[in-house]
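Here is the structure we will look at, set down as structure tokens.
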Amino acid sequence: MNTYDPSKIESKWQAYWDAHETFKTPEKPEGPTYYVLDMFPYPSGSGLHVGHPEGYTATDIIARAKRAQGYSVLHPMGWDAFGLPAEQYAIKTGTHPEKTTRENVAKFKSQLKMLGFSYDWTREVNTTDPEYYRWTQWIFLKLYERGLAYQAEVPVNWCPALGTVLANEEVVDGVSEVGGHPVIRRPMRQWMLRITEYAEQLLDGLDELDWPESTKAMQRNWIGKSVGAEIDFAIQSTQNTNSSDSHSHITVFTTRPDTLFGATYMVLAPEHPAVDSLLTQDQEADARAYIEQAANKSDLERQELSKVKTGVFTGAFAINPVTDQPIPIWIADYVLGHYGTGAIMAVPGQDERDYEFAKAFDLPILRTVQPPADFEGGAYTGDGPAIESGFLNGMHISEAKEAMMDWLEEQKTGRRKTQYKLRDWLFSRQRYWGEPFPIVHVDGKPEPLSPDDLPVILPEVEDYKPSEKGEPPLAKATDWVKTTFQGQEAIRETNTMPQWAGSCWYYLRYMSPNYTKGPLDPEAEAIWKQVDLYIGGAEHSVLHLLYARFWHKVLFDAGVVSTSEPFKKLVHQGMILGELEFTAFRHNGEWISKKKRDEILENDPEASIEAVRCEEEDVEKRGDAFVHKASGVAVEAKAHKMSKSRGNVINPDDVVDRYGADSLRLYEMFMGPLEQVKPWSTKGVEGVYRFLGRVWRLMIDDQTGQLQSSLSDVEPTKAQNRLLHQTIQKVTDDIEGLRMNTAISALMIFVNEANGWETLPRTVAERFVCLLHPFAPHIAEELWERLGHEKSISHTPWPVVDEAFLVEDEVTLAVQVNGKVRGTIEVATAQLEDQAAVLTLAKDEPNVKKYLDAGTLVKEIYVPGRVLNFVVK
RNA sequence: GCCGCUGUGGCGGAAUUGGUAGACGCGUUGGACUUAAAAUCCAAUUCGAUGACAAAUCGAGUGCCGGUUCGAGCCCGGCCAGCGGUACCA
């Protein structure tokens, strides 16, 4: 083995690491600790795609570098293995999901090992393992005990095709996120978690987190805090309402109490409980028809039809508490039943939606905030002095709000109120492959099991389908369902928990995966506390990350953990797209430009347009666009998402086969910034593969397989030391900042330079290998061994920068005239502070002199060591 | 619409604090080695102009328009485009 052959060295070192438990986490860490975590994968049947190794390589580099820097590192991996695909496969084929899961886990694990990640595999967790989910159930009991888990009959998103209820977050555009099946609303008895109780804390906690701004913004948006007031509107008594159980008043929520004088009508959601009692006889038929219609609309229809406002008058009136005037009460589906009180005061003068509705139904519009003179729109939502508003007149919005809320509270007809968009978490699913609830029902009343009765193990069932009625598959395990509780007959809860449950706390289990007295060992918790760095996809910005924060805060309040947030720093890796593709378009046999195509499609979405894939050599760049050489039309140049149907999927196994794991790792890190979306380039992989070949030949003579004769035990020269230490500094800083692409660039610069050296001092070579090792661990181990070391490089201390070597004798200084560089001068480092000498030197530079002579020197600016600028007129 | 992010060569991207724009890699071109090819190595490569060649010099240039500054890819104001999220949340 003389030339660089990744297939041989990679399997060799993977076997070595396994045999020596090289990456075992110290049980009793000394010195600083570092917990670096990947979002654990759902082990799907299709195996790893190239997106997985991106984040995993980044965390692995951090883990390896931190170990070398003397940290005790916790770097584990596991499986988020409950979930729909295995269950649907079971429904189709009858294969037990446990079997599918076991096989998929084995496949994933071997693929991860193939990439050389330094996980401590002795800490592997699997959410479907009864010894894991017993603690998921235990945490549920904690939630129950603290009043945070309850049952409710709620309208839920029922998906007939999947046979289950979905959380709001799992419904996208009215269809299921998984599979794209239609979803309808239907009331069912469900388990709920009171996440709303933690809304304020979940919001506040974000401020202290080192997370992407976009993710924090999404969570803030999701929690949706609004500060305002509740206002009670009395119902005007009339003889002709049709019900006797009359509501005496209706409460609305508003963020604009300052506009109360402009509230000219009121709107209830069709689901509002007071609707029945308000309808007058002449309005009843119309109103009931409308309510019926609204109830039957799916979410999708409600969204599609939302362009036009619809509604119906109830016949009843409410009294505006500040004007004492009666205002009509309407029903409309633009008011949501589940937000606020399900009723609003409509202020068409200052609210776009109310304005549209008022226009459509000819309701009075009153402006109570003075818009600027040039304002032309309908509703004015900006600031201005209050008008037509009695005691508020002249006040601006914020002042008027306070004054009105004070008045409402004095009158006892309203109160300050904070409202959240966040709703309680629908926590049950009618599925088989999930955690059973530790709950039994005695005479219809839920009873929590004792922690000693855990785990409640998933029973075997004949088939995995839910019943027609929507009963969960577990209901079919009749022997299991029938049980006793404290001597009484009882039936078990047959719902299971959603997939999010297991991932809400897995990062805690890694700290003490075999602990039997609780979800985690308090001693281990005291050591690791929280995740220092968490890397995973942005698609989990809200769901997983919000739910995990919620559970963590509950566990904090319960005294189980000592920190209030689970993930200190969070980074999302960007998606990897397919290779750049050029597409030309043809319409009726004629080549058309991309722009033309868009125009045609806009007028006629059905138009038949042929997309023709072009090779790179058939296109050229002209101006801003790429042009098809043969026809001269602009083509589309785009990297597309990888997909089977497009045929642009890159399989990591193939890349490893051809170039090795080190090249795949290195390439994925070299592509660009971690967080960024980036197109794949197979040529790029070849580039880093060539780099590793150069590294190999820098130290190994590929004729003989021996160490290069240039390698010797000599003292490094000044220049060699400088380059080495520059590289150490750059690589160390860049790893810390997760700038892997520029760290690799620094390694390349080193090798390019060192290739030209007659001798390569051994100490320099060794330290370079140390720097390379987190990125390309296999080749680094092999070179380290060949350099004569017996112990793995993984435990070799990280090279330290010696600043003394970074100092140069001479620096090149740019000399500008009027901000343009006109020449450079060499200045001895010692002389840099001597402004007069530097200026003299600069003025003598021939090209600079030319410009100085052409005008009058009016100003000299010198930033020592940086730049010199002459201003000439 | 609203929120967030991003616009730099033929391509992926550097420029960490306002101080020589284009590091590093890909591609391309030329050369060396070779009977030849592969592999490898060396050199050039933002665009344009001047230059026989070269050295060199000049002009333009970081999505667009304007501003601040001795100096702007970076700061400020106004746009445009793309990506992601969200959408009657009162």
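Letters A, B, ... mirror the listed sequences (proteins, then strands); counts begin at 1. Here the structure is a predicted model, which is why all the values come from computation and not from measurement.
Phosphate proximity of B:rC26 to A:Arg690: present, with a side-chain N or O under 4.0 Å from OP1 or OP2. Between A:Asn752 and the phosphate of B:rG25, there is a side-chain N or O to OP1/OP2 separation shorter than 4.0 Å. Residue A:Tyr339 places at least one side-chain N or O under 4.0 Å from the OP1 or OP2 atom of B:rA90. The phosphate of B:rG4 (OP1 or OP2) has no side-chain N or O of A:Arg220 nearer than 4.0 angstrom. OP1 or OP2 of B:rA90 sits under 4.0 Å from a side-chain N or O of A:Ser226. Close to B:rC58, at under 4.0 Å from its OP1 or OP2, lies a side-chain N or O of A:Asn847. Contact annotation: A:Lys678 does not reach the phosphate of B:rG12 (side-chain N/O to OP1 or OP2, under 4.0 Å).
At whole-Å resolution of the value, OH in A:Tyr265 and P in B:rA90 are 16 Å apart. Taking atom CD of A:Glu845 as the reference point, atom P of B:rA56 lies 12 Å away to the nearest angstrom. The distance from atom CD of A:Glu356 to atom C1' of B:rC88 is 9 Å, rounded to the nearest whole Å. Computed from coordinates, the A:Tyr667 OH to B:rG25 P distance equals 15 Å when rounded to whole Å. Straight-line distance from the CD1 atom of A:Ile576 to the P atom of B:rG13: 12 Å, rounded to whole Å. Rounded to whole angstrom, the span from the OH atom of A:Tyr851 across to the P atom of B:rU20 amounts to 18 Å. In this structure, the CE atom of A:Met671 is 8 Å from the P atom of B:rG13, given to the nearest Å. To the nearest angstrom, C1' of B:rC88 lies 9 Å from CG of A:Asp351.
Using a 4.0 Å heavy-atom cutoff across all strands shown, A:Ile344 reaches at least one base atom of the nucleic acid. Within 4.0 Å of A:Val815, counting heavy atoms only, lies no atom of the nucleic acid at all. The residue A:Asn741 sits close only to the backbone: its heavy atoms come under 4.0 Å of sugar-phosphate atoms, none of a base. At a threshold of 4.0 angstrom between heavy atoms, the contacts of A:Gly224 with the nucleic acid are absent. Within the 4.0 angstrom heavy-atom criterion, no nucleotide atom of any strand lies near A:Glu686. Backbone-only contact: A:Pro673 has heavy atoms under 4.0 Å from sugar-phosphate atoms and none from a base. Here A:Val863 lies in heavy-atom contact (under 4.0 Å) with a base. Within 4.0 Å of A:Ser745, counting heavy atoms only, lies at least one base atom of the nucleic acid.
Between B:rG51 and B:rU62, the two C1' atoms lie 29 Å apart (nearest whole Å). Taking atom P in both B:rC75 and B:rG7, the straight-line distance is 11 Å, to the nearest Å. Comparing the same atom, C1', in B:rA23 and in B:rU46 gives a spacing of 14 Å after rounding to whole Å. Comparing the same atom, P, in B:rG4 and in B:rG10 gives a spacing of 33 Å after rounding to whole Å. Across B:rC24 and B:rG19, the matching C1' atoms stand 22 Å from one another, rounded to whole Å.
The base of B:rG13 does not come close enough to the side chain of A:Gln676 for any donor and acceptor atom to sit less than 3.5 Å apart. Under 3.5 Å, the side chain of A:Lys683 and the base of B:rC11 form no donor-acceptor pair of N or O atoms.
In this pair, A:Tyr689 and A:Tyr4 present their aromatic rings tilted. The plane angle is within the 30 to 60° band. Ring planes of A:Phe361 and A:Phe357: tilted class, angle from 30 to 60°.
Side-chain contact check for A:Glu753 versus A:Gln726: every heavy-atom pair is 4.5 Å or farther apart.
Here the nucleotide nearest the side chain of A:Asn221, chosen from B:rU17, B:rU86, B:rU40, is B:rU86. Side-chain proximity of A:Thr742 to B:rG85, B:rC88, B:rA14: nearest is B:rA14.
Under the Watson-Crick or G-U wobble criterion, with both distances below 3.5 Å, B:rU20 has no partner in any strand shown.
Side-chain atoms of A:Tyr290 and A:Thr310 include a donor-acceptor pair closer than 3.5 Å. Side-chain atoms of A:Gln350 and A:Thr381 include no donor-acceptor pair closer than 3.5 Å. There is no side-chain donor-acceptor pair under 3.5 Å between A:Thr3 and A:Asp702.
Scanning both residues, A:Ser541 and A:Met218, for their nearest heavy atoms gives CB-CE, 3.8 Å.
Residue A:Ser214 is the one, among A:Ala814 and A:Ser214, whose nearest nucleotide of RNA chain B lies closer to the 5' end (criterion: closest heavy atom).
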